Structure formats: C-alpha cells, structure tokens
Undergrad: 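Handing you a structure now.
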Amino acid sequence: MDEKFLKPYSPKDVEKNIYQLWEKSGYFTPENLVKDKIIPENAPKFSIVMPPPNVTGVLHMGHALMLTIEDIIVRYKRMQGFKTLWLPGTDHAAIATQSKVEKEISKKEGKSRYDLGREELLKRVNQFAKESHDTIISQTKIMGSSADWSREAFTLDETRNRAVKTIFKKMYDDGLIYRGHRIVNWDPKGQTTISDDEIVYKEEKATWYTFKYGPFEIGTTRPETKFGDKYVVMHPDDQRYAKYKNGDTFELEWINGKTKATVVKDGVMDMETGTGVMTITPWHSAVDFDLAERYGLDKEQIIDKNGRMLPHTGEFAGMKIADARLKIVEKLREKGLLIKEEPYTLNLATAERTGGIIEPQIMNQWFVSVNKEFVLPESKIDGIKSGSKTTLKEIMRKVVSNGQIKIIPDYFEKTYFHWIDNLRDWCISRQIWYGHRIPVWYKDDKVFCDTEAPKEEGPASNNTDKTASGKWLQDEDTLDTWFSSGLWTFSTLGWPEKTKDLEVYHPTDLLETGYEILFFWIARMIMMTGYALGDIPFKTVYLHGTVRDGQGRKMSKSLGNGIDPIDVSEKYGADAGRMSLIYGTAAGTDSKISEDKIRGYKFFCNKLWNIARFVVSSGGIINENSSTNLIEADKIILDDLQKVVVDITKQIDDYRLHLAAENAYQYVWHTFADKIIEEAKPRLKSPDQVTVESTKFMLGKVLVTCLKLLHPFTPFVSEEIWQTMYGGSKGLLMVQKWPAK
RNA sequence: GCGCGUGUAGCUCAGAUGGUUAGAGCGCCACAUUGACAUUGUGGAGGUCCCAGGUUCGAUUCCUGGCACGCGCACCA
C-alpha cells in the first residue's frame, strides 16, 4: 500500500499538485478530450461561460460559491461524456476599477485623475488591473475550477473591443443607440453618469417643507432647486383648485424677489400627496423633465456638476447643496413664506460605487432605446419571425415567457418581468476613461460612427483639443461596463467573426450567477444576444443567493466578518470549502457559512480518505471490468448503490446540487462506512474464499463509485485517492465515465 | 404604493407534484472504543412545522386572510 495512506489526509500538500496534473492533461479544453478519444468527435456539447470576476480585488465567498456550483456541473457533464466547455475570463468593471485606483492615487499622492491626465491614469489602471487579474485567476484555480484557460477572455481586450464597436455601430445604424439631451443620473463624486440600476437607495431623515407660492401652498424636500420654478402643477379634477385654469399666470414673491408663474393642469399629480400642488424643476427631476417635455416648458439648470449652486442663484452661488438648502429655508422663513416643516423619510439615491449623492441633470448622453422598433433579420426566437419588426423590450420579455430561457428558481421570472415593465432607455455613456471608448467621431457639426476612425485627415482619436476645428475628434466618453458584459456569451466565442466556437458552443447551456445581477447582466445579455444573433444566449439561468456569515450578516470589510475562501482552502482544503458552500444551499436562497461548518467537511474528506485506506489495505482494489461471483449480501449492496447513483444523477440534472451533495455525504459516511464496511469486516476473515473475494470486489466497487459520485463536489481528495490507488495507471478520475447509464 | 421571498429541533438549514413514526449537520446527554479513522461508533433528549380559517378521507405541503422578518422596483411635489 502506498505509504501516503498511513497519514491523515492533508489537502494542503495535495491540492496544488492535483490541479497541475489536471491542467497538464489539457482536458479542461474539450477538443483534447476528442483528440485523446475520451469522447467521440460528435459528442453533444455542454457550454457555460464563467461570470467574469471584476479585476478590482480578490476572490470572495460569492465567487467561491459561483465557482463551486459551476465546477460541479462542468465536472459532472465532462464525466458524462459531453464536449464540455467552461469559458473563463475577467471583467474590467470600468467605474469600479477606475474609482478604486483613483482613490489610491488620491490617498498616496494627493492627485486627481485630472492632474494625471487620461494617458497616465489609464497606464496606472491597466497596471492595477493586470495585478488584480493575476491574483484572481490564481485564486480561481485554488478553488479547483476546471475552466478552459486556453480560451480565457477579458471584457476589455482586443477581441471584445471589436465586438463592442461592431455592435455599437450596428445599433447606431438601426437607430437603437442615440445621443440626446435627456435627464440622467449624475454622480458628482465620480463625475460621471450612471444607469438606473447602479443607483442604491438609502433611507434618510429629511424635512418636508411647505411654502407659500403665490396663492398656493407647495411641498418640497429640496428648496434649493426651486429658484427657477415658474410652473405650478395640479390635477385637472382637483376641486380645491377648480377656479384656476390651465395657462393662468400670476405674480408672486419668491426666493430672489418677484417672479411670474403659470398654472399647468396634469393627471400625473396625486391629489393625496401634500397639498396636491407642486412646482417643477425640469433640470433636476425626471418626472418634472417629462412634464416639461410634454408641454414644451422652459428648463433651467440650478446646480452644477460639482453639486454647487450656479451663479444665477445670486447670494447662494457656489454653495454646496446642503448649505444652500438651509440658507434658502431661512430666507423664505424671514419673508414669511415658510408655512410648516415636518419630519420626512426619503430614499436618497446614491451611486453604487462611489457613494456620491445622485443629482439628476439634463445632459447630452448616449442611450440604448428599449422601445424603438427595428427589423430582426434572422430570428430563432419563438414568437418573433425572421425579418419582422420587434423591440429590445419584446425580445427580453419573449424569450422568458415562451420558455426558451428557464430561470431557476422560477419565481425570479416574475421579478424579471416586473423589471422589464418599468424599464426605461439605458444610459450607456460614462465620463470616465477606463473602458471601451465610444466609437463616434465629430467634426464641426458632422457625426461619424464606425468601428474605425474616419480615414480622411488622419485619425484624431487621441486628440483632446476640443477647440480644434476641421479635425475629427473622438467622443471622450466610455461605455457602461455592462455594455461589454452583455456580449459575453458570444464575444468570448469570437463574434463578430463567424468562428467554429460560435457555431459549436452557442447558445450556451447554462448561465450561473448571483440573483443580484439579474438585471445588470442577465437581462442585458438576453437583449444584446437577441439583437446581435436573433437567438438566446443560454437555455437555463441558475441563480444563487448571497453567502453570509454565521450570524446571517453580509460579509464586509467594515464589519471584518469576511471569511476568505483562500484562507479556508489553506486551512481546511478547497474540497471542504466547496462542500460547505453547496451543502444546504438551495437555488436563489441566501446561505450562511462558518468555520464550524467548514471543519465538518474537512472531517468528511478525511473520512473518505480513511475509507479508501481500509478498502485498499483489505485488497479491495478492483479492475472495474472484471467480475466475481457475488454473494447475496453484496448483490443487495450493489443494487442499493445503483439507486443512490440514479438519485444523485437526477438531482444534479435538476440543479438540486445541495440534495445531491447531502445524498452522497450520507451514503458515504453513514451507509458505506458505518454499515457496509462494519458488516464486511467479519466476512473478510471468513474461511470461505468466495465470500472473501466477493466482499473485496464489492468494497472496491462501492469505493470507486463513490469517488466518481463525489468527484464533482470534492475533486481534489477524490482524484488524490484515485491516483494513489492506481498509481496513475488508470488516468485521471476527472475524465472517467459517470457511473449511471 | 406595486411585486417577490422567508418563517420547520437550542443554532444553521433540507424537506418538487398532499399520504406511515417530520430529517441532516453542529451543539447537548449516556454508553462504547487503541479502532480503517488526530477527525470514531451506538443510543438518547429536544418539534403546537408562525397564527387563524378553508379545501380534502388526510395539510408542514394546496387556497384565503393575518403577524413577523428580509429583498426588489417605484414614489420621494
């Protein structure tokens, strides 16, 4: 017997070597399985793209859960003989990455990005991204991920850039991407726009002020925006204001003296809220903007991009919003125009990445229209014919409602539809430098969109001299990071080239990710794939929950309650970490993890190790294809094992991985170890040779089957046992046939 | 306001399409054990399956309503 078996299982000494063994085999690349005749050329494919981790830091438990679930499925499918591709990559994460680097530079050197300039900042960000990438990838390997590294992609590499530019141009030509003065979410801290989905609402105590505004009383939480207000809006059916007619005007005393206001009657008003009358500030409110657009009302900017009052606000010019608010309330109080102040709780809109307080602003930005009709030339979407007109919204809705894409757990489909119902045009331009630059050039009043810079007069893409005329200048902005992520399932396969990969592996079979990016990412992939290919990006979506600490709190740096998956692998082994993440974790539900739980699965790995030691030392190494005359007891054991195999197979097929893991765990420990082995001990000492041989064969058969069943869940220990048992003579456990028929 | 989810043992959680005595891990109690097992085994205590109605021969499971907690979206004049 190999003397390794004489010691307890030590994952630390084993895992790195095992991973190298797998990597060296080349079998993470499906074509090599064909080449070595492990699977036939015409084997069915199974493909899945890895949700690319951001290159902003290190691997956390959320990533670890994602990698575990995906690796379980991938290893299972590979063993079942599928041409299995798990395509990995990383995400440049535009704002997240740039703001992280900016923070560092500001802390260490006291400089802003404007001090450094575009080129220097990008150099620094790229450097950081590269280091961060290397860390993340090596950590991904520590978790045992059997991904095809030969196909690794990055959302900001050359191939992906070509895909981004190609689809941008196509959408621009179809009128789906347009530039316009619209109300956007401006983050004064990050100095960029963000999409609706990048807003995080925080409850904040505020004051609800009621002011006298001519003959009316108006309520507001934001007096500082009220300078330019010259329209009062009320519901047409509101009897309190029946004597005022649409278009009536009146003079009134306001913040900086006399002003004139006009009455607007509109059904958007809620008669129950406040006094049922409001004034509008179209430049700094989405609802007011819509009203102003509808009636052609004047719009005036009050607050600048830094969150300070503009010069025309007189004595308040240059003040920050919060200061100006108090000062203006004071002034209105002195004028006798303040009627009352009441405490009020509002949901403050903040930027996800910088924490800046969002100030709606009217700006000239790029948008994706979700409601505009276009012709889809080739459609594989049920319910949308090739060559017929459709919208991006319709594509998003249809592929889920018609069942082409199945979401697990299914109740997220309702959340998804709810989101689509409320979806507005997507603002995709960002005023940051790290990302895909918008492929649009301007010269005087001409606009040029293409994948390459305009040829005439030479490229001017790096020319930042805005005053230059007669030269083509590229748009300064970059694209929302989710624009490139939205192409991930097909950009990673080589689109826009018509590659073999695209033909073989698209659409992918499964997309596994956390439910918190259902809108950010999944919906965008569905939209972009539907548009670019007239197809679905994946057939099944599996959503996992958030991994929390032992007390159910989110893991965060400030709480210091994070458990680092790499520390876990070091201390208990990656297998133990994987088991503790998957065990008791149903799709879509949050899970808790603690060191106690992880330790339990380290014990399990050691138990398996000892089982193997016992079986091997009892002579239970078998040639799987050989047969022996089995005694009745052993026949029953092997029949029962078949039932377990069938159950586990079905559970994995149904993506009920937690049940499969539990099933395997219970069988190995409490059936195989506690019952089968205990009952086999006296039989091994039987004078009857038939009994002894049958028992040995049975033990070996059960062990080998268990190793195969456990391999997707605990790949390292199962492979290590396999290698130690057979001394490498039977290849890799990773590519053995799954035991079920 | 609209929508979604959760509530099962001391703790953390499984229990798909209703059906014997409701399960696991950890913890707790008793006993055994130099054992293939540093990390073992056997047995045990512990449950109004959130509450109230309803459907049913039968409900932890399905329906209605309520309570508690969590989440998403919207509003935020």
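Every chain is numbered from 1, with letters handed out A, B, ... down the list of sequences. Only this structure's heavy atoms are used, side chains among them; waters, hydrogens and symmetry mates stay out. Here the structure is a predicted model, which is why all the values come from computation and not from measurement.
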Undergrad: A:Phe614 has a side chain; which of B:rA36, B:rC76, B:rU39 sits nearest to it?
TA: B:rA36
Undergrad: Which atom pairs link the protein and nucleotides 25-28 of chain B when you take only N or O atoms and keep those under 3.5 Å?
TA:
{"residue": "B:rG25", "atom": "OP1", "partner": "A:His670", "partner atom": "NE2", "Å": "3.3"}

Undergrad: With heavy atoms under 4.0 Å as the rule, sort A:Ala673 into base, sugar-phosphate or nothing.
TA: base
Undergrad: State whether a side-chain donor-acceptor pair under 3.5 Å links A:Asp197 with A:Trp419.
TA: yes
Undergrad: Test A:Tyr601 against every option in A:Tyr572, A:Tyr9, A:Tyr583 by the ring-ring contact (aromatic ring centres under 6.0 Å, His included) rule and name the one that passes.
TA: A:Tyr583
Undergrad: Rounded to whole angstrom, note down the C1' distance from B:rA16 over to B:rG54.
TA: 24 Å
Undergrad: Which is it for A:Trp254 and A:Phe227 under the ring pair (Phe, Tyr, Trp, His ring centres under 6.0 Å) test, yes or no, and what are the steps along the way?
TA: CA-CA 8 Å; A:Trp254 195 227; A:Phe227 276 93; 8.8 Å; no
Undergrad: Grab the two heavy atoms, one from A:Asp266 and one from A:Arg294, that are nearest each other, plus how far apart they are.
TA: OD2-NH1, 2.7 Å
Undergrad: Using the C1' atoms only, state how far B:rG1 lies from B:rU17, rounded to an integer number of Å.
TA: 35 Å
Undergrad: Using a 4.0 Å heavy-atom cut-off to protein, can you give one letter per nucleotide of nucleotides 1-7 of chain B, 5' to 3': B if the base is in contact, S if only the sugar-phosphate is, - if neither?
TA: -B-SS--
Undergrad: Could you tell me whether A:Val287 contacts a base, only the sugar-phosphate backbone, or nothing, with contacts defined as non-hydrogen atoms closer than 4.0 Å?
TA: sugar-phosphate
Undergrad: Determine the interatomic distance between P on B:rU42 and the same-named atom on B:rG47; round to the nearest Å.
TA: 24 Å
Undergrad: Taking atom C1' in both B:rU55 and B:rA74, compute the distance separating them and give it to the nearest angstrom.
TA: 37 Å
Undergrad: How far, in whole Å, is B:rA22 from B:rA30 if one measures between their P atoms?
TA: 27 Å
Undergrad: Looking at A:Lys335, I'd like to know if its NZ atom is crowded, meaning that more than 12 non-hydrogen atoms belonging to other residues, nucleotides or ligands lie closer than 6.0 Å.
TA: yes
Undergrad: Side chain of A:Glu678 only, heavy atoms from C-beta on: which candidate in B:rA36, B:rA14, B:rG41 is closest?
TA: B:rA36
Undergrad: Using atom C1' of each nucleotide, how far apart are B:rG18 and B:rU56 to the nearest Å?
TA: 9 Å
Undergrad: Between B:rG25 and B:rG19, how many Å separate the two C1' atoms, rounded to a whole number?
TA: 28 Å
Undergrad: What class does the angle between the rings of A:Trp669 and A:Tyr665 fall in, given that below 30° is parallel, 30 to 60° is tilted and above 60° is perpendicular?
TA: tilted
Undergrad: Considering every strand and a 4.0 Å limit on heavy-atom distances, what is the contact class for A:Leu659: base, sugar-phosphate, or nothing?
TA: sugar-phosphate
Undergrad: I want to verify a distance call: between B:rA14, B:rU42, B:rC37, whose nearest atom is closest to the A:Arg613 side chain?
TA: B:rC37
Undergrad: So, is the end of the A:Lys681 side chain (NZ or CZ) under 6.0 Å from the ring centre of A:Phe614 and within 45° of the ring's axis?
TA: yes
Undergrad: Counting any heavy atom closer than 4.0 Å, what does A:Phe519 reach on the DNA or RNA strands: base, sugar-phosphate only, or nothing?
TA: sugar-phosphate
Undergrad: Below 4.0 angstrom from OP1 or OP2 of B:rU39, is there any side-chain N or O of A:Asn610?
TA: no
Undergrad: Could you go through nucleotides 63-70 of chain B and list every protein N or O atom that sits under 3.5 Å from one of its N or O atoms, giving the distance for each pair?
TA:
none

Undergrad: Just to be sure I understand the rule, does A:Asn606 reach a base, reach only the sugar-phosphate, or reach nothing, if contact means heavy atoms closer than 4.0 Å?
TA: base
Undergrad: Expressed as a whole number of Å, how far does the P atom of B:rU34 sit from that of B:rG27?
TA: 23 Å
Undergrad: Please tell me which of A:Val268 and A:Tyr9 maps to the more 5' nucleotide of RNA chain B, matching each residue to the nucleotide holding its nearest heavy atom.
TA: A:Tyr9
Undergrad: From B:rA16, B:rC76, B:rU42, pick the nucleotide closest to the side chain of A:Asp674?
TA: B:rU42
Undergrad: Side-chain contact test, heavy atoms from C-beta onward, threshold under 4.5 Å: evaluate it for A:Glu595 versus A:Lys571 and give yes or no.
TA: yes
Undergrad: On RNA chain B, does the nearest nucleotide to A:Thr585 precede the nearest nucleotide to A:Ile611 from the 5' side, or the other way round? Give the residue.
TA: A:Thr585
